Chemist: 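Here you go, one structure.
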Amino acid sequence: MRTIGMIGGVTWHSTLDYYRIINETVHRELGGEHSARLVMHSVEFAELRTAQRTGGWPAVLSMLNEAVAGLKAAGAEGLVLGANTLHIIADDLAQASGLPVIHVADAVGAAARARGLARLGLLGTDVTMAERFYHERLAGEWGLEVLVPEEPDATRLSDLIYDELVRGRFEDDGRALCLGIMADLAGRGADGMILGCTELPILLEGHAGPVPCLDTLALHAEAAARWSLAP
């Protein structure tokens with residue numbers, strides 16, 4: 001079993017589910033008393049957000065390069081970034097560390113192709129929706145088209161994530177906003193929906209969308225476990 005190096009705490013609410021699903025997947029595959037071989041660096045989210053606001057993504061990259069160096073020293077053989085938005089610097093972290101990144105977009109792409117989906121709505125933070133790192137990987141590697149919410153919905157969704165979800169507030173108004181945005185994207189032709197923030201599956205648990213939803217947290221965690229177990 002290869003050792004997973006995980007950046008957690010972005011946020012700790014979803015990191016709990018990452019840890020659980022990775023271990024459940026390993027146990028399901030191996031049985032007995034088996035659990036995942038994993039080392040984790042859990043960031044202090046407020047410090048990460050401050051670094052992003054004051055120094056932009058280069059400051060976040062510097063912070064996480066130090067974290068990844070520690071994970072590598074502890075025996076990590078591959079990286080899991082426990083947040084969709086952090087994948088904007090995934091290639092930089094892989095290059096600096098020499099470790100492969102188990103990329104969330106690849107987990108999503110594989111699941112979408114397996115389900116016969118072709119045009120996906122993407123819900124997430126402003127960075128995840130507006131920057132091209134997610135769209136280009138899904139298009140280039142998996143042949144998938146990505147749609148994002150229009151304004152003012154995109155801003156309202158990103159504000160919901162940062163003002164409520166990262167603070168552990170999962171409330172009906174936010175759920176209604178997300179379901180409304182998903183209905184709009186489905187009306188524009190999306191045949192699947194990417195829950196592209198790892199807190200969104202927590203918010204929407206038990207609430208079906210208008211089209212199949214891709215739970216990035218579960219898909220990413222399962223992909224990490226399979227990578228660890230691969231020969």
Side-chain angles (χ1 to χ4, degrees), residues 1-30 33-110 124-125 127-128 131 133-134 136-137 140-141 166 196-199 216-231:
M1 191 188 307
R2 289 183 283 190
T3 301
I4 298 167
M6 182 172 177
I7 299 292
V10 195
T11 64
W12 66 264
H13 309 91
S14 58
T15 299
L16 291 171
D17 284 336
Y18 263 102
Y19 186 76
R20 174 181 57 81
I21 293 169
I22 289 171
N23 278 284
E24 285 176 348
T25 305
V26 169
H27 178 74
R28 184 170 62 247
E29 293 296 320
L30 300 182
E33 298 176 342
H34 289 286
S35 60
R37 185 170 289 151
L38 183 151
V39 292
M40 183 189 301
H41 181 106
S42 186
V43 304
E44 209 282 80
F45 188 70
E47 292 178 358
L48 185 146
R49 286 287 287 156
T50 297
Q52 183 184 356
R53 291 189 189 101
T54 58
W57 286 105
V60 175
L61 178 60
S62 177
M63 176 187 294
L64 294 189
N65 271 331
E66 291 184 20
V68 170
L71 292 173
K72 187 174 182 179
E77 298 168 84
L79 299 176
V80 173
L81 309 179
N84 285 266
T85 301
L86 287 185
H87 285 75
I88 193 172
I89 55 174
D91 291 343
D92 299 301
L93 289 170
Q95 183 175 1
S97 67
L99 298 178
V101 172
I102 297 92
H103 202 290
V104 66
D106 291 333
V108 169
T125 66
V127 172
T128 298
E131 299 293 338
F133 66 97
Y134 220 120
E136 289 175 356
R137 195 171 186 108
E141 299 294 329
V166 302
C197 164
T198 52
E199 282 70 46
T216 57
L217 192 163
L219 292 171
H220 195 203
E222 290 166 358
R226 291 193 299 270
W227 171 88
S228 176
L229 295 173

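Along the sequence shown, residues are numbered consecutively beginning with 1. For clarity, every value in this text was computed on a predicted model and none was experimentally measured.
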Chemist: Taking all non-hydrogen atoms of both residues, which atom of Ala51 and which atom of Ala59 are closest, and how far apart?
Modeler: O-CB, 3.5 Å
Chemist: For residues Asn65 and Ser62, determine if any side-chain heavy atom of one lies less than 4.5 Å from a side-chain heavy atom of the other.
Modeler: no
Chemist: Determine the minimum heavy-atom distance between Ser14 and Thr198, stating which atoms define it.
Modeler: OG-OG1, 3.0 Å
Chemist: Filter on ring pair (Phe, Tyr, Trp, His ring centres under 6.0 Å), then keep only pairs touching residues 2-30, sequence neighbours left out; what's left?
Modeler: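 Sorted result for residues 2-30: Tyr18-His220.
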Chemist: Let me confirm one number: the CG-OG distance from Leu30 to Ser228, rounded to the nearest 0.5 Å.
Modeler: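 Between atom CG of Leu30 and atom OG of Ser228 there are 8.5 Å.
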Chemist: Tell me the salt bridge (charged side-chain N to carboxylate O under 4.0 Å, His left out) pairs involving residues 97-110, sequence neighbours left out?
Modeler: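 Salt bridge (charged side-chain N to carboxylate O under 4.0 Å, His left out) check on residues 97-110 returns Asp106-Arg137.
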Chemist: Looking only at non-hydrogen atoms, find the nearest pair between Ile21 and Ala218 and report the distance.
Modeler: CD1-CA, 3.9 Å
Chemist: Taking only residues at least two apart or on different chains, which pairs with a member in residues 2-30 satisfy salt bridge (charged side-chain N to carboxylate O under 4.0 Å, His left out)?
Modeler: Asp17-Arg20, Arg20-Glu24
Chemist: May I ask you to test the Leu71-Ile7 pair for a side-chain heavy-atom distance under 4.5 Å?
Modeler: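 They are in side-chain contact.
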Chemist: With a cut-off of 3.5 Å and sequence neighbours excluded, list every side-chain donor-acceptor pair involving residues 77-90.
Modeler:
{"residue": "Glu77", "atom": "OE2", "partner": "Thr3", "partner atom": "N", "Å": "2.7"}
{"residue": "Asn84", "atom": "OD1", "partner": "Tyr134", "partner atom": "OH", "Å": "2.9"}
{"residue": "Asn84", "atom": "ND2", "partner": "Gly196", "partner atom": "O", "Å": "3.4"}
{"residue": "Asn84", "atom": "ND2", "partner": "Thr216", "partner atom": "OG1", "Å": "3.1"}
{"residue": "Thr85", "atom": "OG1", "partner": "Thr125", "partner atom": "OG1", "Å": "2.7"}
{"residue": "Thr85", "atom": "OG1", "partner": "Thr128", "partner atom": "OG1", "Å": "2.8"}
{"residue": "His87", "atom": "ND1", "partner": "Ala83", "partner atom": "O", "Å": "2.9"}
{"residue": "His87", "atom": "ND1", "partner": "Asn84", "partner atom": "O", "Å": "3.3"}
{"residue": "His87", "atom": "NE2", "partner": "Val104", "partner atom": "N", "Å": "3.3"}

Chemist: From Glu47 CD over to Met63 CE, what is the distance, rounded to the nearest 0.5 angstrom?
Modeler: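 Here the rounded value is 6.0 Å.
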Chemist: Testing the basics here: between Val10 and Leu48, what is the closest heavy-atom pair and its distance to 0.1 Å?
Modeler: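 Closest approach of Val10 to Leu48: CG2-CD1, 4.4 Å.
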Chemist: So which pairs with a foot in residues 48-75 pass salt bridge (charged side-chain N to carboxylate O under 4.0 Å, His left out), sequence neighbours left out?
Modeler: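 Counting only pairs at least two positions apart or across chains, no salt bridge (charged side-chain N to carboxylate O under 4.0 Å, His left out) contact touches residues 48-75.
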Chemist: Closest approach of Phe133 and Val127, non-hydrogen atoms and distance?
Modeler: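 Heavy atoms only, the tightest pair is CE2-O, 3.7 Å.
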Chemist: Which atoms form the tightest heavy-atom contact between Gly9 and Thr15, and what is the distance?
Modeler: N-OG1, 2.8 Å
Chemist: Would you list the atom pairs, donor with acceptor, under 3.5 Å between side chains in residues 33-45 and any protein atom, with sequence neighbours excluded?
Modeler:
{"residue": "Arg37", "atom": "NH1", "partner": "Met1", "partner atom": "O", "Å": "2.9"}
{"residue": "Glu44", "atom": "OE1", "partner": "Ala46", "partner atom": "N", "Å": "3.0"}

